[in-house]
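These notes concern the structure reproduced below.
Chain letters run A, B, ... following the sequence lines, proteins first and then strands; every chain starts at 1.
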4 protein chains.
Amino acid sequence: MDAVKTKRMPRAVREQQMLDAAVRTFGQRGYMAASMDEIAELAGVSKPLVYLYLNSKEDLFTACIRREAAALTEAVRAGVIPGRPADRQLWEGLRAFFTHTSRHPDGWAVLHLQARTHGEPFAAEVAAMRAEIVAFVTELILAAAREAHRDPDLPEREVAGLAEALVGAAESLAAWANATPGVTARQAAATLMNFAWAGLGNMMDGRPWSPPDAAHEVSG
Amino acid sequence: MDAVKTKRMPRAVREQQMLDAAVRTFGQRGYMAASMDEIAELAGVSKPLVYLYLNSKEDLFTACIRREAAALTEAVRAGVIPGRPADRQLWEGLRAFFTHTSRHPDGWAVLHLQARTHGEPFAAEVAAMRAEIVAFVTELILAAAREAHRDPDLPEREVAGLAEALVGAAESLAAWANATPGVTARQAAATLMNFAWAGLGNMMDGRPWSPPDAAHEVSG
Amino acid sequence: MDAVKTKRMPRAVREQQMLDAAVRTFGQRGYMAASMDEIAELAGVSKPLVYLYLNSKEDLFTACIRREAAALTEAVRAGVIPGRPADRQLWEGLRAFFTHTSRHPDGWAVLHLQARTHGEPFAAEVAAMRAEIVAFVTELILAAAREAHRDPDLPEREVAGLAEALVGAAESLAAWANATPGVTARQAAATLMNFAWAGLGNMMDGRPWSPPDAAHEVSG
Amino acid sequence: MDAVKTKRMPRAVREQQMLDAAVRTFGQRGYMAASMDEIAELAGVSKPLVYLYLNSKEDLFTACIRREAAALTEAVRAGVIPGRPADRQLWEGLRAFFTHTSRHPDGWAVLHLQARTHGEPFAAEVAAMRAEIVAFVTELILAAAREAHRDPDLPEREVAGLAEALVGAAESLAAWANATPGVTARQAAATLMNFAWAGLGNMMDGRPWSPPDAAHEVSG
DNA sequence: TATGAATGAGTGTTCATTCAT
DNA sequence: GATGAATGAACACTCATTCAT
């Protein structure tokens, strides 16, 4: 019903049709609930052909993850103009991120929900992509510190945690923006910039929030 | 192999054993990959008993979600001391949250990963818990504004977005803290407070970060 | 919901409650689809008690068949006044039969449908009852012949076949009468008497219908 | 153990093999007691293939009912030569009926016993076939009345009852003939013609048997 | 290049039946 | 006399995967 049943297509094209169908099916049904039958039918090919080209359900899912991860990181990379100030770069990256995830909800579902939920061959795959994005954000945070002429005496792990938090907030806001009618990618990005940047700015100014004295607390 | 095979237990006890086994199995294998056989064996009972007490896989999973959601919200509620300043309450809530999730990784996996990934009976269940937490955080943000003697002219949706971002960041950091050796619940909470509170503080002072003029940008 | 949950009843009473519940359940659900759980609940007792009194599902079903078969034959026997002319006796028997089956639809379903459909322990049980009724009808046919002062030169097997046909017609009409609104037991009996007796009468007069010459027919 | 395990048959052929096996198994074991495993093995295929071609046990059973019902009505239709006198047509129809049922005992068991015993998807299916046969017999009765130059003042419901009785008698005799060694289809048909036709003939002559006065009877 | 035909292994679920009290 | 707790064995159904063409 989606792919026109055209015969004798070159392999590369057929493969993309299959991946399209697979991403859609995995994104909507989930990895385990998606059946190879459904994917093959949606792709307009017979099941053995799917196996001929993509070997197994696991491999097919991995291929989906890789393709969607590449598409997402590429979108973010393409959205960022290098050489600008760090806050500007972060803003651009976030906008690109929210735009891409809202335009490719099935791909995002595959990356954010399905791949992480189904154990080890897949979690690692998406973790690599995530690490790349976290590294990029970490770089921006450090760049911002340099631009503010501060020697960042933030411990390395602290910066890593901040980057994690920022990326996690972005992931969460992506789902929120997609689910909340009337919230655009731009607005989601602005909200997150408000939340994050001002906080980071404060810390750059040497006024970090500090937890109360641990002595009076119950352990935890 | 885990629970000692004790016979003739009262129903309530057996039910908790089953839920324990189910949370562990669902958390580690995933909802669909977890088999009722495995759960029953881990609980030290036969499969029919699981069905007698919990009706179906779906009901069993729902019961897991409910129990773990209640435990998590209860832990957070118990960690927060009412009447204190908003920042202090948030700090306490975050600590309780990270402590609980790190101590119950399978329960957290059920709530954060499995329940959201597997469609409608379950997603709604965990969405209710999440909404409760988001509402709590929203309340704290507004309270903080009041405490700072500011009429919060933040638009309602903006506050909602901020709360979403904060909760999302917390969820993400929970996974990061659990996966990164040497990061304690306390440290994770401190990192997030730094990230969030300083940013919020800036905004309270009327200095929110603002996005650059849209006219010069490419669409998105 | 049916049987009042009274404790410590004498065994005979409890057993009848169980048989009531069983007949109803077997009659409505069918032998295999009826579950011992449902029967026990309908009887207002626990499952082990059913087993204590009636041993097994098979035995329980057999007990149902026997009780309902006895009730039906007894009803027919009680409806017939001995010593009267054969046609009158047949009329009375048919009326009693249709009356009883319409008043005990579950019992009739057990005998006519369920017992015959589920193989050998049971089919024999109901076959015995049926044989008894067929023998009674056979006797009436022969009596009718004697009353008409005819030495019945009908071969024995022919009479048996006629009796079978009559009983079969009655069974079929019982279902029809129960399913067709406005058809009373009396009307069903009258219809069958019309159908059967006039035919038998003709034969008594020596004018049986005879099949056409076999020579011109295809084999069969 | 029955069908030779021939591989790679065209779908239509395999389907018939499956239906053959299913009719046999359903006819002998009963609908519920028949297992899909047994049917598949008897058909010489694996269980998934049965599901691939026939969807479910319910659908498989329905397909059996339809096939056997069509075969039976077709056999009766083919046995009757139109245009002949009504008694002759009835005789031919009965012979065809008894011949077919004796040659296909499992199919007959499916139609007569199993389908009627197991609730609504199935009962309706066989009721349709039965209605067709009853209508055919009704037509013959009316035709016989016309041929006897009588305006049939038999009330409509009376004719319907007679047709029901005739068909019921036939169904019952089919079982009797199959179970009684030495009774041929021809003899069963002759017995039923004797039983039925002479009775009908009497009624055509205006001499129906009439029930005794109800005033002297006990109620019922 | 592409597929119709076919299956081994496993799933959730149910049921008649029994033990310990 | 009566029951709550428990299970072995089976069943309908599904799925990823492969062979023969």
Side-chain angles (χ1 to χ4, degrees), chain A residues 5 7-11 14 32-40 44-61, chain B residues 5-11 13-15 32-40 44-60, chain C residues 5 7-11 14 32-40 44-61, chain D residues 5-11 13-15 32-40 44-60:
Chain A
K5 218 166 191 171
K7 304 249 165 179
R8 304 271 157 189
M9 320 254 315
R11 170 158 183 159
R14 272 270 194 261
M32 301 233 63
S35 81
M36 296 298 274
D37 271 290
E38 188 178 358
I39 292 171
V45 299
S46 73
K47 230 181 337 176
L49 198 60
V50 178
Y51 278 87
L52 186 62
Y53 284 0
L54 288 141
N55 290 321
S56 71
K57 194 184 189 183
E58 229 178 278
D59 285 4
L60 173 57
F61 191 47
Chain B
K5 215 165 191 175
T6 321
K7 300 243 167 184
R8 304 270 151 190
M9 323 256 313
R11 171 165 180 156
V13 177
R14 274 278 192 255
E15 250 180 51
M32 301 228 65
S35 88
M36 295 298 273
D37 272 297
E38 185 178 1
I39 293 171
V45 297
S46 70
K47 219 178 353 168
L49 201 61
V50 180
Y51 278 88
L52 186 62
Y53 286 174
L54 288 140
N55 294 320
S56 68
K57 193 182 190 184
E58 217 175 293
D59 283 5
L60 173 57
Chain C
K5 216 165 194 173
K7 305 248 164 178
R8 304 271 155 189
M9 319 254 315
R11 168 159 182 158
R14 273 270 195 262
M32 301 232 64
S35 82
M36 296 298 273
D37 271 290
E38 188 178 359
I39 292 170
V45 298
S46 72
K47 232 184 335 177
L49 199 60
V50 179
Y51 277 89
L52 186 62
Y53 284 1
L54 288 140
N55 292 320
S56 70
K57 193 184 190 184
E58 226 178 280
D59 285 4
L60 173 57
F61 192 46
Chain D
K5 217 163 191 174
T6 321
K7 302 243 167 181
R8 303 271 151 187
M9 320 257 313
R11 171 166 182 156
V13 176
R14 273 279 192 254
E15 250 181 49
M32 302 228 65
S35 88
M36 295 298 273
D37 273 295
E38 186 179 359
I39 292 171
V45 297
S46 72
K47 219 183 348 174
L49 202 60
V50 179
Y51 278 89
L52 186 63
Y53 286 175
L54 289 140
N55 294 321
S56 70
K57 194 183 190 185
E58 218 175 291
D59 283 6
L60 173 57

Q.
Nearest 0.5 Å, please: how far is CZ in D/Arg14 from CE in D/Met9?
A. 5.5 Å

Q. Which nucleotide in the set F/dG1, F/dT17, E/dT17 lies at the smallest distance from any side-chain heavy atom of C/Met36?
A. E/dT17

Q: Could you check how far CG of A/Asp59 sits from P of F/dA16, rounded to whole Å?
A: 14 Å

Q: Output the single nucleotide from F/dA16, E/dT11, E/dA2 whose closest atom is nearest the side chain of B/Ser35.
A: E/dT11

Q | Pairwise 5' ranking along DNA chain E for C/Tyr51 and D/Pro10, keeping only the more 5' one | A | D/Pro10

Q | Under-3.5 Å donor-acceptor pair between B/Lys47 side chain and E/dT13 base | A | yes

(Q) The side chain of D/Val45 is closest to which nucleotide in this list: F/dA16, E/dT11, E/dT7? (A) E/dT7

Q) Counting side-chain heavy atoms from C-beta on, which of E/dT11, F/dC13, F/dA2 comes nearest to B/Asp37? A) E/dT11

Q.
Of the listed nucleotides (F/dA6, E/dA6, E/dA16), which one gets closest to any side-chain atom of D/Leu49?
A. E/dA6

Q) Does F/dT17 have a Watson-Crick or wobble partner in any strand here, with both distances under 3.5 angstrom, and which is it? A) E/dA6

Q) When we call it a touch if two heavy atoms are under 4.0 Å apart, what does C/Ala34 touch: a base, just sugar-phosphate, or nothing? A) sugar-phosphate

Q: Look at all strands and tell whether B/Arg11 reaches a base, only sugar-phosphate, or nothing, counting heavy atoms closer than 4.0 Å.
A: sugar-phosphate

Q | Shortest side-chain distance from C/Pro48, nucleotide among F/dA12, F/dT18, F/dT3 | A | F/dT3

Q) What nucleotide among E/dC15, F/dC13, E/dT17 has an atom nearest to a side-chain atom of C/Ser56? A) E/dT17

Q. When rounded to the nearest 0.5 angstrom, what is the spacing between CG in A/Asp59 and OH in A/Tyr53?
A. 16.0 Å

Q) Taking CG from A/Asn55 and C1' from F/dT17, how many angstroms apart are they, rounded to a whole number? A) 12 Å

Q: Would you kindly give the CG-to-P distance between C/Leu60 and E/dC15, to the nearest whole Å?
A: 16 Å

Q: Round to a whole Å and report the spacing from CG of A/Leu54 to C1' of F/dA16.
A: 14 Å

Q. How long is the span from the NZ atom in D/Lys57 to the CE atom in D/Met36, to the nearest 0.5 Å?
A. 7.5 Å

Q | Between E/dT17 (P) and C/Tyr53 (OH): distance, integer Å | A | 19 Å

Q: Would you indicate which nucleotide in E/dT17, E/dA2, E/dG12 comes nearest to any side-chain atom of B/Lys57?
A: E/dG12

(Q) How close do A/Ser46 and A/Ala40 get, counting heavy atoms only, and between which atoms? (A) C-CB, 4.1 Å

Q: Kindly say if B/Arg14 contacts the phosphate of F/dA6, meaning a side-chain N or O under 4.0 Å from OP1 or OP2.
A: yes

Q.
Under 3.5 Å for both donor-acceptor distances, Watson-Crick or wobble: does E/dT14 have a partner, and if so which one?
A. F/dA9

(Q) Just the rounded figure in Å: distance from C1' of F/dG8 to CG of B/Leu52. (A) 15 Å

Q | Gap between atoms CE and P, on B/Met32 and F/dT14 respectively (whole Å) | A | 13 Å

Q | Under 3.5 Å donor-acceptor pair, D/Arg8 side-chain atoms to E/dA5 base atoms | A | yes

